[in-house]
Undergrad: 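Provided herewith is a single structure, encoded as structure tokens, for subsequent inquiry.
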Amino acid sequence: MSDKPSNFLATIIEDDLAKGKHDKIVTRFPPEPNGYLHIGHAKSICVNFGLAEQFGGVCNLRFDDTNPEKEEQEYIDSIKADIHWLGFEWNETEKYTSNYFDTLYDYAVHLIKNGDAYVCDLSGDQAREYRGTLTEPGRNSPYRDRTVEENLNLFEQMRNGELDEGSCALRAKIDMAAPNMNLRDPILYRIRKKAHHQTGNKWCIYPSYDFAHGQSDALEGVTHSICTLEFEDHRPLYDWFISKLPVPAVPRQYEFARLNVNYTITSKRKLKLLVDDGVVDGWDDPRMPTISGMRRRGVTPSSLRHFSDMVGTSRAGGVVDLGMLDFAIREDLNDNAPRAMAVLDPLKVVFTNLPEGHREVFTAPGHPNREDLGERELPFTREIYIDRSDFNEDSSLSRKKFKRLVTGEWVRLRNAYIIQADEVIKNDAGEITEIRAKVVEGTVGSDAPEGVRPRGVIHWVSASEGIPATVRLYDRLFDTETPDRGGDDFMQYLNPESLKVLTGCVVEPSLAEGAPEQSYQFEREGYFVIDRYESKPDALVFNRTIGLKEVWERKV
RNA sequence: UGGGCCGUCGCCAAGUGGUAAGGCAACGGGUUUUGAUCCCGUCAUCCGCAGGUUCGAAUCCUGCCGGCCCAGCCA
């Protein structure tokens with residue numbers, strides 16, 4: 001708790017608790033079920049659930065379902081799954097703003113009776129006109145002075161479905177000249193003759209976000225209602241409702257800057273466009289910044305939580321470098337992912353000093369410094385595969401520049417022999433199809449003998465016992481730092497190389513036992529995860545989560 | 001140009017009158033059967049700018065400059 005990063009929200013809560021303002025805090029995460037959660041929501045979840053956890057309080061999950069036109073059960077299910085996957089438990093059962101529709105309706109009647117709300121017949125266009133602009137005050141609606149009886153009656157008719165959609169709306173009577181646009185008689189209820197995923201056909205009028213949110217917080221006993229900066233201007237309205245209504249508690253709203261990450265889009269609308277246009281494979285495509293996409297990519301819950309802590313919580317809007325997320329992912333996977341060898345672009349090597357049918361088995365640790373991860377067996381045979389990029393015919397390449405196999409020289413096979421390349425076999429097209437080499441006897445598990453100087457260490461897999469696999473290499477979806485900058489032209493920044501599917505890969509036999517979503521470090525390549533949906537024991541599919549850090553290209 | 005908010009190292013971010021934490025990145029060096037990891041070290045005399053108050057300011061005051069948000073019967 002004390003090693004938690006300090007931020008202004010924690011300070012506020014600490015103060016409130018110290019002053020006895022609350023015995024226990026209650027926060028809430030209020031997604032609208034109109035899309036999948038993305039990395040920005042992950043941040044918000046970590047903030048809300050994290051703060052509750054940190055101070056011994058609870059966090060409610062409340063679906064903000066006031067707009068049946070855009071919401072679906074599919075989204076509710078995915079959101080619940082995402083939160084659990086991140087490792088958080090919400091207080092009691094999940095809640096819905098729609099749970100409070102009856103009370104909210106009563107609250108609206110309360111406002112009408114006190115002359116604080118009225119039914120306005122202005123059309124949408126007219127209402128916009130009357131609202132004025134940023135620099136000019138608005139004008140009062142001609143319906144603003146209807147009597148309480150008239151308003152009560154009209155509101156009743158709205159609720160009973162006697163009035164057409166768009167024909168009128170219930171508005172708060174505040175101040176059409178307020179410099180804060182949110183106070184210019186905001187909409188409280190509008191008519192929507194749509195079935196609702198929770199309440200069915202019970203209602204044909206639905207409360208607006210502004211009218212529903214604070215009251216729902218109060219009804220749930222939320223103490224700290226934490227949202228993002230764009231709702232700051234709504235706080236006066238939030239407080240206005242709370243002061244005008246007989247609510248059971250007085251929640252307070254606090255705002256923090258939403259998370260922005262470069263090379264990434266976090267707009268549910270735009271993400272939905274990527275899905276609907278088939279640019280990606282769905283909301284959980286591994287290239288998507290959605291929680292389910294990252295999960296499928298192999299990103300871990302703890303790396304996301306750690307990333308959130310690293311980034312911190314403040315009121316200063318900025319753009320976090322994707323490299324920081326990369327760091328958090330690598331840090332977790334480096335500590336916890338078992339090691340394995342996989343050859344992505346196989347090139348056969350035949351050992352001429354080994355007899356036909358030669359086979360021996362080496363053991364290698366599951367992890368260099370995690371004994372609890374056990375050992376694995378590596379069958380070594382007369383023919384193996386190495387990666388094509390780990391061999392070069394040109395022996396004039398400097399040892400510093402190319403620490404791999406070169407004609408005539410030695411290289412260490414990871415966890416096995418030092419070998420020496422003798423000869424290259426090519427096909428008619430001039431492509432290398434095979435390398436003839438020799439193993440240096442007695443070099444397994446021991447240093448190189450005098451005169452043998454391996455250039456480096458490369459990975460390998462037995463040709464006869466390796467398992468075929470499909471490996472999908474993912475890269476960033478956009479090739480510009482600010483794909484979200486412009487308007488709707490973000491599609492032009494799509495990275496054409498965001499996905500490469502390699503079908504002829506060969507992986508070490510121990511990987512056949514891997515469970516869906518198991519992560520591995522393919523040594524010298526990066527971190528890969530077994531695809532949770534498409535991988536089968538006899539047809540393995542791995543997704544590259546992220547490559548290993550590579551600094552040598554720049555240095556040499 | 002009405003209102004609200006923000007501005008501390010390339011990026012994120014502590015700090016709330018007592019003389020600039022930390023992380024990422026970067027750059028040196030060491031270890032290494034992963035060009036990874038790990039380890040050690042370097043990296044803001046300065047806190048958007050200009051004045052002022054004070055023994056003393058990133059922290060208080062004034063004025064500028066720059067950026068973000070708001071004119072949905074979306075959230």
Side-chain angles (χ1 to χ4, degrees), chain A residues 5-7 11 30-32 34 64 66-67 69-70 120 122-124 127-129 131-138 165-171 177-184 186-192 205-206 208-210 212-213 227-236 255 257 259 262 268-269 309-328 330-331 334-335 339 341 364 368-369 400-404 411-416 418 443-448 454 456-459 521-526 547-553 555-556:
Chain A
S6 166
N7 66 60
T11 303
E32 182 187 14
N34 67 343
D64 212 346
T66 57
N67 185 359
E69 290 185 319
K70 296 180 176 173
C120 176
L122 250 25
S123 69
R128 189 178 320 123
E129 238 181 275
R131 191 155 34 234
T133 68
L134 294 178
T135 51
E136 303 159 36
E165 248 180 60
S167 66
C168 61
L170 184 72
R171 302 175 68 177
N180 180 344
M181 301 291 284
N182 295 118
L183 266 16
R184 319 248 261 228
I187 302 291
L188 270 41
Y189 267 92
R190 69 282 207 199
I191 301 169
R192 285 284 175 281
I205 58 172
Y206 294 94
S208 63
Y209 162 85
D210 283 312
H213 207 92
C227 60
T228 43
L229 250 26
E230 64 270 28
F231 291 100
E232 197 160 17
D233 289 343
H234 294 245
R235 191 174 356 118
E255 313 85 16
L259 171 68
N262 57 12
K268 277 198 234 175
R269 209 194 90 249
D309 284 345
M310 280 172 71
V311 165
T313 307
S314 78
R315 288 176 61 87
V319 181
V320 173
D321 197 294
L322 227 208
M324 234 191 265
L325 209 212
D326 292 347
F327 172 84
R330 287 195 183 103
E331 186 180 50
N334 177 55
D335 287 347
R339 309 288 125 125
M341 291 197 286
N369 36 43
K400 190 152 178 67
K401 210 163 194 164
F402 194 75
K403 307 170 86 161
R404 311 175 187 194
V411 79
R412 159 74 69 180
L413 289 183
R414 176 78 166 153
N415 297 125
I418 287 172
T443 54
V444 178
S446 57
D447 292 338
V457 181
I458 64 172
H459 54 97
Q521 183 200 88
F522 287 173
E523 291 186 294
R524 301 208 316 128
E525 290 289 356
L548 254 27
K549 188 175 169 189
E550 287 185 311
V551 292
W552 57 279
E553 284 177 325
K555 291 174 93 170
V556 275

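All chains are named by letter (A, B, ...) in the order of the sequence lines, taking the proteins before the strands, and each is independently numbered beginning at 1.
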Undergrad: To the nearest Å, give me how far apart CZ (A:R524) and P (B:rA36) are.
TA: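 Computing the A:R524:CZ to B:rA36:P distance gives 11 Å.
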Undergrad: Has A:R315 got a side-chain N or O lying under 4.0 Å from the OP1 or OP2 atom of B:rC6?
TA: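 Affirmative; the distance criterion is met.
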Undergrad: Checking the side chain of A:D210 only, and the main-chain atoms of A:I187 only, is there a donor and an acceptor separated by less than 3.5 Å?
TA: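 No, because the side chain of A:D210 does not come within donor-acceptor range (under 3.5 Å) of the backbone of A:I187.
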Undergrad: Could you give the distance separating B:rU37 and B:rC69 at their C1' atoms, to the nearest angstrom?
TA: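 So the two C1' atoms sit 43 Å from each other.
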Undergrad: To the side chain of A:M310, which of B:rG23, B:rG72, B:rA75 is closest?
TA: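 Within the option list, the nearest is B:rG23.
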Undergrad: Taking only the side-chain heavy atoms of A:E32 (C-beta and beyond), determine which of B:rG15, B:rA75, B:rA26 contains the nearest atom.
TA: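 Among B:rG15, B:rA75, B:rA26, the one nearest the side chain of A:E32 is B:rA75.
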Undergrad: How should the glycosidic conformation of B:rG63 be described, syn or anti, under the criterion that syn lies within 90° of 0?
TA: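 Glycosidic conformation of B:rG63: anti.
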Undergrad: So does A:E32 pair up with A:K70, basic N to acidic O under 4.0 Å?
TA: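 Answer for the salt bridge query: no.
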Undergrad: B:rG4 P sits how many Å from A:E230 CD, rounded?
TA: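 Going from CD in A:E230 over to P in B:rG4 covers 18 Å.
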Undergrad: Look only at the side chain of A:R404 and the backbone of A:G456, and say whether a donor-acceptor pair between them is shorter than 3.5 Å.
TA: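 Not at all, since once roles are kept as given, no pair shorter than 3.5 Å links the two residues.
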Undergrad: Using a 4.0 Å heavy-atom cut-off, does A:T443 contact any base of the nucleic acid, only the sugar-phosphate backbone, or nothing at all?
TA: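 The answer is base, as A:T443 lies within the cut-off (heavy atoms under 4.0 Å) of a base atom.
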Undergrad: Counting just side-chain N and O atoms, does A:R192 come under 4.0 Å of either OP1 or OP2 of B:rC73?
TA: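 No, because none of the side-chain N or O atoms of A:R192 sits under 4.0 Å from OP1 or OP2 of B:rC73.
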Undergrad: Between A:T66 and B:rA75, does any side-chain N or O lie under 4.0 Å from OP1 or OP2?
TA: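 Affirmative; the distance criterion is met.
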Undergrad: How about CG on A:N369, more than 12 heavy atoms from neighbouring residues, nucleotides or ligands closer than 6.0 Å, or not?
TA: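 Buried by this count: over 12 neighbours within 6.0 Å.
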Undergrad: Which is true for A:N415 with a 4.0 Å heavy-atom rule: it touches a base, it touches only sugar-phosphate, or it touches nothing?
TA: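 If one applies the 4.0 Å heavy-atom cut-off, A:N415 turns out to touch a base.
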Undergrad: Given B:rA75, B:rG3, B:rC12, which nucleotide is nearest the side-chain atoms of A:V311?
TA: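 Of the candidates, B:rC12 comes closest.
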Undergrad: Please tell me which of the listed nucleotides, B:rU34, B:rG72, B:rC12, lies nearest to the side chain of A:P368?
TA: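 So the side chain of A:P368 is nearest to B:rU34.
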Undergrad: For A:G138, report the nucleic acid contact type (base, sugar-phosphate, nothing); a contact means any heavy atom under 4.0 Å.
TA: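 Contact class for A:G138: none.
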Undergrad: Can you tell me how the ring of A:Y209 sits relative to the ring of A:F231, calling it parallel under 30°, perpendicular over 60° and tilted otherwise?
TA: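 It falls in the tilted class, 30° to 60°.
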Undergrad: Side chain of A:V457 only, please: which of B:rU34, B:rG4, B:rC24 is the nearest?
TA: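 In terms of side-chain proximity for A:V457, the closest of B:rU34, B:rG4, B:rC24 is B:rU34.
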Undergrad: Any donor-acceptor pair, under 3.5 Å, between the side chain of A:D233 and the base of B:rG3, if you only look at N and O atoms?
TA: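 Side chain to base: pair found, below 3.5 Å.
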Undergrad: Donor-acceptor check, side chain of A:R184 to backbone of A:R131, threshold 3.5 angstrom: yes or no?
TA: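 Yes.
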Undergrad: Determine the contact category for A:F231: base if any of its heavy atoms lies under 4.0 Å from a base atom, sugar-phosphate if only primed atoms, P, OP1 or OP2 are that close, otherwise nothing.
TA: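 Answer is base: heavy atoms of A:F231 come under 4.0 Å of a base.
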Undergrad: Looking for any heavy atom pair under 4.0 Å, which part of the strands does A:L122 touch: base, sugar-phosphate only, or nothing?
TA: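 If one applies the 4.0 Å heavy-atom cut-off, A:L122 turns out to touch a base.
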Undergrad: Once you round it to whole Å, what is the distance between C1' of B:rC70 and CZ of A:R235?
TA: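 Roughly 14 Å, once rounded to whole Å.
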Undergrad: With a 4.0 Å cutoff (strictly under), does any side-chain N or O of A:R131 reach OP1 or OP2 of B:rG72?
TA: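 Answer yes for this pair, as a side-chain N or O of A:R131 is under 4.0 Å from OP1 or OP2.
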Undergrad: Let me know the distance between CE of A:M181 and C1' of B:rG3, rounded to the nearest Å.
TA: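 Rounded to the whole Å, the gap is 10 Å.
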Undergrad: Report the distance from atom CD of A:E255 to atom C1' of B:rC5, rounded to the nearest whole Å.
TA: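 To the nearest whole Å, that distance equals 9 Å.
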Undergrad: Taking the C1' atom of each, how far is B:rG30 from B:rG48, in whole Å?
TA: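 Result for the C1' pair: 41 Å, nearest Å.
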Undergrad: Side-chain donor or acceptor of A:R339 under 3.5 Å from a matching atom on the base of B:rU34?
TA: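 Under the 3.5 Å cut-off, the side chain and the base do form a donor-acceptor pair.
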Undergrad: With heavy atoms under 4.0 Å as the rule, sort A:V444 into base, sugar-phosphate or nothing.
TA: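 Base contact.
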Undergrad: For B:rU53 versus B:rC60, give the span between their C1' atoms, rounded off to a whole number of Å.
TA: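 Approximately 8 Å lies between the C1' atom of B:rU53 and that of B:rC60.
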Undergrad: Rounded to whole angstrom units, what separation is found between the CG atom of A:L188 and the P atom of B:rC74?
TA: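 These atoms are roughly 13 Å apart.
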Undergrad: What's the closest nucleotide to the side chain of A:D321 if the choices are B:rC73, B:rC11, B:rA75?
TA: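 The answer is B:rC11, which lies nearest to the side chain.
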Undergrad: Looking at the side chain of A:L134, which of B:rU37, B:rA71, B:rA75 is the nearest nucleotide?
TA: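 Nucleotide nearest to A:L134's side chain: B:rA71.
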Undergrad: Which of the following nucleotides, B:rU37, B:rC12, B:rC73, is nearest to the side chain of A:M324?
TA: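 In terms of side-chain proximity for A:M324, the closest of B:rU37, B:rC12, B:rC73 is B:rC12.
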Undergrad: Could you tell me whether A:H459 contacts a base, only the sugar-phosphate backbone, or nothing, with contacts defined as non-hydrogen atoms closer than 4.0 Å?
TA: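 No contact.
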Undergrad: Which nucleotide in the list B:rG15, B:rA25, B:rC74 gets nearest to the side chain of A:K549?
TA: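 Nucleotide nearest to A:K549's side chain: B:rA25.
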Undergrad: Judged by each residue's nearest nucleotide on RNA chain B, which is more toward the 5′ side, A:V319 or A:N369?
TA: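 Closer to the 5' end of RNA chain B: A:V319.
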Undergrad: I need the CZ-C1' distance between A:R404 and B:rU34, as an integer number of Å.
TA: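 Going from CZ in A:R404 over to C1' in B:rU34 covers 12 Å.
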Undergrad: Quick one: label A:S123 by what it contacts on the DNA or RNA (base, sugar-phosphate, nothing), any heavy atom closer than 4.0 Å.
TA: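 Base, at least one base heavy atom under 4.0 Å.
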Undergrad: Go through the N and O atoms of the side chain of A:E525 and the base of B:rU34, and report whether any donor-acceptor pair is under 3.5 Å.
TA: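 Donor-acceptor pair under 3.5 Å: no.
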Undergrad: Remember a base hit wins even if backbone is also touched, and classify A:Q521 as base, sugar-phosphate or nothing at under 4.0 Å, heavy atoms.
TA: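 Base: the residue A:Q521, judged by heavy atoms under 4.0 Å, touches a nucleobase.
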Undergrad: When the distance from NZ of A:K70 to C1' of B:rG72 is rounded to whole Å, what number comes out?
TA: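 Atom-to-atom, A:K70 to B:rG72, this comes out as 8 Å.
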Undergrad: If you assign A:E136 and A:A169 each to the RNA chain B nucleotide with the nearest heavy atom, which residue ends up on the more 5' nucleotide?
TA: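 Comparing both residues, the 5'-ward one is A:E136.
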Undergrad: Give a yes or no answer on whether the side chain of A:R315 reaches the backbone of A:L229 with a donor-acceptor pair at less than 3.5 Å.
TA: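 Checked: no pair found.
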Undergrad: Between A:S6 and B:rA13, is there a side-chain N or O to OP1/OP2 distance below 4.0 Å?
TA: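 Answer no for this pair, as no side-chain N or O of A:S6 is under 4.0 Å from OP1 or OP2.
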Undergrad: Base, sugar-phosphate or nothing for A:S314? Non-hydrogen atoms, less than 4.0 Å.
TA: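 Touches sugar-phosphate only.
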Undergrad: With sugar-phosphate meaning primed atoms plus P, OP1 and OP2, does A:G166 contact a base, only sugar-phosphate, or nothing at under 4.0 Å between heavy atoms?
TA: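 Base contact.
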Undergrad: Does B:rA75 have OP1 or OP2 under 4.0 Å away from a side-chain N or O of A:R190?
TA: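 So the side chain of A:R190 is within the cut-off, an N or O lying under 4.0 Å from OP1 or OP2 of B:rA75.
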